[in-house]
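Single-structure report; data block below.
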Amino acid sequence: MAASSSASFCFTKRRRLKASISAPTGFVHSIHTTFDQETERYVDLPPQWESLIVQPGDDRQRPRPIVEGEEPSDAEVWTFLEALGPIPDDEFVEYRASVVNLGSVDVREYGGRGLSAAPSEFTMRSLSYYADNTLTRRGARSREDPPARLSHEEFRMALQSVVSRRADAALRELCSFVKIGEGSTGIVCTAFDRRMRRTVAVKRMDLRKQQRRELLFNEVVIMRDYPHVNIVKVFDTYVVQDELWVVMEYMDGSALTDIVTRTRMNEEQIASVCKACLRALAYLHSQGVIHRDIKSDSILLSSKGQIKLSDFGFCARVAPEIPKRRSLVGTPYWMAPEVISRLPYGPEVDIWSLGIMVIEMADGEPPYFNEPPLQAMRKLRDLPAPTFRDLASIPPRLQSFNDRALVRDPMQRATAFELLQHPFLNQAKANGAFLPLLKNVRHSVC
Ligand code: ATP
Ligand code: MG
């Protein structure tokens, strides 16, 4: 069904300059999707499409994020560079399409691990981004050859060099795994950490089964480098065989999704979630990090009532050198109109998604949830900003708060800092606000 190819362009001078476009060259038939008449299902869909097409028999209960390629962030470039080590003269890392000017970015500031050489001393000649969005490494080939994709083993080694500990420590110290969750990147288990004598959550992601495997670096780097009281803590990271393991604090309450779908939240509880989430976002945005997947599934609660943001798998960095992102990333019903419209976007997208999450907390689900994902995305792109299902029942302070978040024009939308000043948040309570709800949810799960 889909294939990748390239075409070359040249101009010939006759009377006027006229573009002559060659036939596609280097045609590769990489994806072959068919339709099975018997099961009425598409077979071998590209992973990016799986979250958009609802197939008969799909038992998926929660919508999955979609991820489309884009140029890598500086942090992604940095982690790869660091992982690859000094690059011999006859080799260089190349991305195609958009050039990342390393000369203007001091890569030493990322990750806090320090490179021995200054960026200008790199033997790297060019950085551009590849169509399949995977870092590529060119050996001593001719420049015309398409650069090879990093092999699985090379990628594994790159990831291996940024994780905090060796695989044998994980196998020795972690035991009693019980699966507690599943997402688009892998599974999450509780496990007992014998060394620290505590229960932890372990997110296990298969390197071979990712829509964009380079995003796995986010899972290692972001929670490690941006500690905050409202962000889930990461203790250790490992590469175990073909999996990345992220060992985190276990949030033993539930995901906010369980609460919004099973109980009714009061104003105080909604304000408490908003305040915790906005504090995390204000911090991340000040550091140039966009989460890109804010939704109730990404908010986790502890039995003590702590409220924390998690799941940084899809985040991106912005910096003065790359102030905007472009790719279609996020979960359809929560996506900001500018993302769907394919406009360059920044941290404002998280504020829109927070506004949608507020609707989830009041109505139990996001707007257009009974429509297929593509239809919902079209409506979010084309219609006025959505609002609560029963507006009359929503307290005015909450309405006015969300009116500042769900603004179609990102320039007019409130920032995380501005929303933190909104009077609606005066009702937020530290921790305690959730304890009665957690009991209800637990009761209904058992
Ligand atoms: P998605 O496709 O929605 O982005 P994902 O593959 O990135 O999912 P997560 O959202 O990180 O995975 O985790 C999946 C689920 O596992 C969460 O919704 C939550 O229920 C559970 N979970 C994740 N981290 C923790 C944690 N630290 N403590 C307790 N439960 C957790
Ligand atoms: Mg995720």
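Position 1 is the first residue of the sequence; numbering continues from there. As the structure is a computational prediction, the values presented were derived from the model and not from experiment. When a ligand or atom number is given, it counts from 1 through the structure's own listing order.
Ionic pairing of E338 and R381 is not present here: no N-O contact between side-chain nitrogen and carboxylate oxygen is shorter than 4.0 angstrom.
Ligand 1 lies within reach of K295, whose nearest heavy atom is under 4.0 Å from it. Heavy-atom separations between S310 and ligand 1 are all 4.0 Å or longer.
Here M248 has side-chain heavy atoms under 4.0 Å from ligand 1, and that is the only part of it that gets that close. Residue contacts with ligand 1 for P65 involve side-chain atoms from C-beta outward but no N, CA, C or O (heavy atoms, distance under 4.0 Å). At a heavy-atom cutoff of 4.0 Å, ligand 1 is contacted by no atom of T331, backbone or side chain. Contacts between T185 and ligand 1 below 4.0 angstrom, taking non-hydrogen atoms only, involve backbone and side chain alike. Residue contacts with ligand 1, taken as heavy atom pairs separated by less than 4.0 Å, do not involve K179 at all. The residue M205 has no part lying near ligand 1, judged by heavy-atom distances below 4.0 Å. When non-hydrogen atoms are compared, ligand 1 lies under 4.0 Å from the side chain of L300 (C-beta onward) but not from its backbone. Residue D293 touches ligand 1 through its side chain alone, judged by heavy-atom distances below 4.0 Å.
For the residue pair D242/H152, the side-chain donor-acceptor check at 3.5 Å is satisfied. Checking Q427 against E267 by side-chain atom types alone, a donor-acceptor pair falls below 3.5 Å. Side-chain contact annotation: K295 with T331, donor-acceptor N/O pair under 3.5 Å present.
Annotation: cation-pi geometry not satisfied between R292 and Y345 (NZ/CZ under 6.0 angstrom from ring centroid, within 45° of ring axis). For the pair R198 and F192, the cation does not sit on the ring face, since its NZ or CZ is not both under 6.0 Å from the ring centre and inside 45° of the axis. Both cation-pi conditions hold for R204 and F177: the charged atom is under 6.0 angstrom from the six-membered ring centre and inside a 45 degree cone around its axis.
Close approach of ligand 1 to Y250 (heavy-atom distance below 4.0 Å) involves ligand atoms 28 (N), 29 (C). Set against the non-hydrogen atoms of E249, the atoms of ligand 1 under 4.0 Å away are 26 (C), 27 (N), 28 (N).
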